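Quick notes on the structure that follows.
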Amino acid sequence: MTLQRALVLEKQHELSLRDIDLPLDVGPGQVKIKLHTVGVCGSDVHYYTHGHIGPFVVKAPMVLGHEAAGTVVEVGAGVSHLKVGDRVCMEPGVPDPNSRAARLGMYNIDPAVTFWATPPIHGVLTPFVVHPANYTYKLPDNVSFAEGAMVEPFAVGMQAATKAGITPGDTAVVMGAGPIGTMVALAALASGCSRVIISDLAQPKLDIAAQYQGIIPVNIKTAKLLDEVNRLTDGWGADVVFECSGSPRAWQGIVDVVRPGGKIVVVGLPVEQVNFDIASLSIKEVTISSVFRYAHQYDRAIALMGSGRVDLKPLISETFTFADSIKAFDRAVEARPTDVKLQIRMDE
């Protein structure tokens, strides 16, 4: 164990920037990474404000942060695809490779998975981290550290688009224009959708999403989402609907928006149970799929970003220094409608 400066969630509502013992010995199959940029995720903020997410409860001080990019500074025995000096991003969830879920290829739902900044696992808002090389990915030269730290949330979008089974030319609806909703919209376009209708109550968020060609914003304060979907599809409905808001109200009428035989992909997590119309689902033979994090998406996400097909830079709202980490989290708690992604740069 080595003392490192870190942003520590001491308990609900209490953050501190202090030294804490963290493991830094590099074993076989591992790499040591000097962190450069770490994103502030909604789950980090939720632990700060609520102290838990579902069954995951903060019972002891925990380092926050899991959206990260940096530089390899040490390589363990048996690692051949990475070398010192490589610019990388890291997949924060590490499963048991021998678990049934991992052997089926669904390692994201392995009950034994360890995930940065999910109690009791420490995150990476600290100068250095040791991580399995198999979950560490080299960044293309034209992808910055800031963009590399965006691969993690974009991978959620990629997982949702994969679950949707998009066919080229499809029309999609994304409910919720927050960071994940916008990532889902971009992933849907990259996967072949001809257009994505995105809805929200906050016009600034819709304006940010609408910067991208193919995204059509709908402010549900002033317009009905169903009316816009019917107008654009001649009353047929959307091929796929991604529910990204996490609002129980989104499920009221969601079946009306999707076409017969279409799909609903659940990305947002409501904090309470929701009711929806089973009879209408059955009549339309609508398929519902859910998303929990991602599996096998990092390579694809990085490839799309490196090719220039997906540009996430416009989604970075502001960057804070490591010394101002607490200010970054307090800003995230404000939930400004003009903010999409706040990041912390570790080397300043």
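Residues take their numbers from the sequence shown, with the count starting at 1. Just so we're clear, the structure is a prediction, and the values are computed from it rather than from any experiment.
- Not one N or O on the side chain of R87 forms a donor-acceptor pair closer than 3.5 Å with the backbone of K138.
- Remark: R331 engages D339 in a salt bridge, criterion side-chain N to carboxylate O under 4.0 Å.
- The closest donor-acceptor contact from the side chain of E147 to the backbone of M150 lies at 3.5 Å or more, if one exists at all.
- Counted within 6.0 Å of CG on D141, heavy atoms from surrounding residues, nucleotides or ligands total 12 or fewer; the atom is thus considered open.
- Sorted by first and then second residue, the side chain to side chain donor-acceptor pair (under 3.5 Å) pairs with a member in residues 163-172 read T171-R195; sequence neighbours excluded.
- Within the 3.5 Å criterion, the main-chain N or O of V255 finds a donor-acceptor partner in the side chain of K284.
- Counting Ile, Leu, Val, Met, Phe, Trp and Tyr side chains that sit under 4.5 Å apart, directly or through other members, I283 stands alone, with no cluster partners.
- In terms of the salt bridge (charged side-chain N to carboxylate O under 4.0 Å, His left out) criterion, D330 has no residue partners (sequence neighbours excluded).
- Proximity of a side-chain donor or acceptor of H131 to a complementary backbone N or O of E91 within less than 3.5 Å is detected.
- Atom CD of Q213 is surrounded by 12 or fewer heavy atoms from other residues, nucleotides or ligands within 6.0 Å.
- For I198 against L206, the heavy-atom pair with the smallest separation is O-CD2, 3.6 Å.
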Subject >> Audit row: H66, F115, ring pair (Phe, Tyr, Trp, His ring centres under 6.0 Å) steps and yes/no >> reply: CA-CA 8 Å; H66 64 264; F115 199 93; 5.4 Å; yes

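- How far OG1 of T136 is from CD1 of I33: 4.0 Å, rounded to the nearest 0.5 Å.
- Under 4.0 Å is where a charged nitrogen must lie from a carboxylate oxygen, and between K205 and D200 no such pair does.
- Take R5 and apply the salt bridge (charged side-chain N to carboxylate O under 4.0 Å, His left out) test, not counting sequence neighbours, and it matches D19.
- Applying the side chain to side chain contact (heavy atoms under 4.5 Å, CB included) criterion to Q4, with sequence neighbours excluded, gives L22, L24, T126, P127, F128.
- Checked for salt-bridge contact, E67 and K341 meet the test: a charged N lies under 4.0 Å from a carboxylate O.
- The pair E228-R231 counts as a salt bridge, with a side-chain nitrogen and a carboxylate oxygen less than 4.0 angstrom apart.
- Not counting sequence neighbours, A303 has no partner by the side chain to side chain contact (heavy atoms under 4.5 Å, CB included) test.
- Here the shortest heavy-atom pairing between P248 and P270 reads CG-CB, 4.4 Å.
- Residues satisfying the side chain to side chain contact (heavy atoms under 4.5 Å, CB included) criterion with P179, sequence neighbours excluded, are V340.
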Subject >> side-chain hydrogen bond (donor to acceptor under 3.5 Å, both in side chains) between E14 and S16, worked out >> reply: CA-CA 7 Å; E14 184 179 331; S16 64; 5.9 Å; no

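- A salt bridge links D347 and R345; the closest N-O separation between the charged side-chain nitrogens and carboxylate oxygens is under 4.0 Å.
- Y212 is connected to V156 through a chain of hydrophobic side-chain contacts under 4.5 Å among Ile, Leu, Val, Met, Phe, Trp and Tyr, so both are in one cluster.
- Every residue meeting the salt bridge (charged side-chain N to carboxylate O under 4.0 Å, His left out) condition with E10, not counting sequence neighbours, appears here in chain and number order: R18.
- The hydrophobic cluster analysis finds L269 isolated: no Ile, Leu, Val, Met, Phe, Trp or Tyr side chain comes under 4.5 Å of it, directly or through other members.
- By the side chain to side chain contact (heavy atoms under 4.5 Å, CB included) test, D277 pairs with A279, S280, sequence neighbours left out.
- With side-chain heavy atoms closer than 4.5 Å counting as contact, directly or through intermediates, the hydrophobic cluster containing M106 also holds L104, I109, F292.
- Listed by first then second residue, pairs satisfying salt bridge (Lys or Arg N to Asp or Glu O under 4.0 Å) with a partner in residues 176-193 number zero, not counting sequence neighbours.
- Distance CG/L7 to OH/Y48: 9.0 Å, rounded to 0.5 Å.
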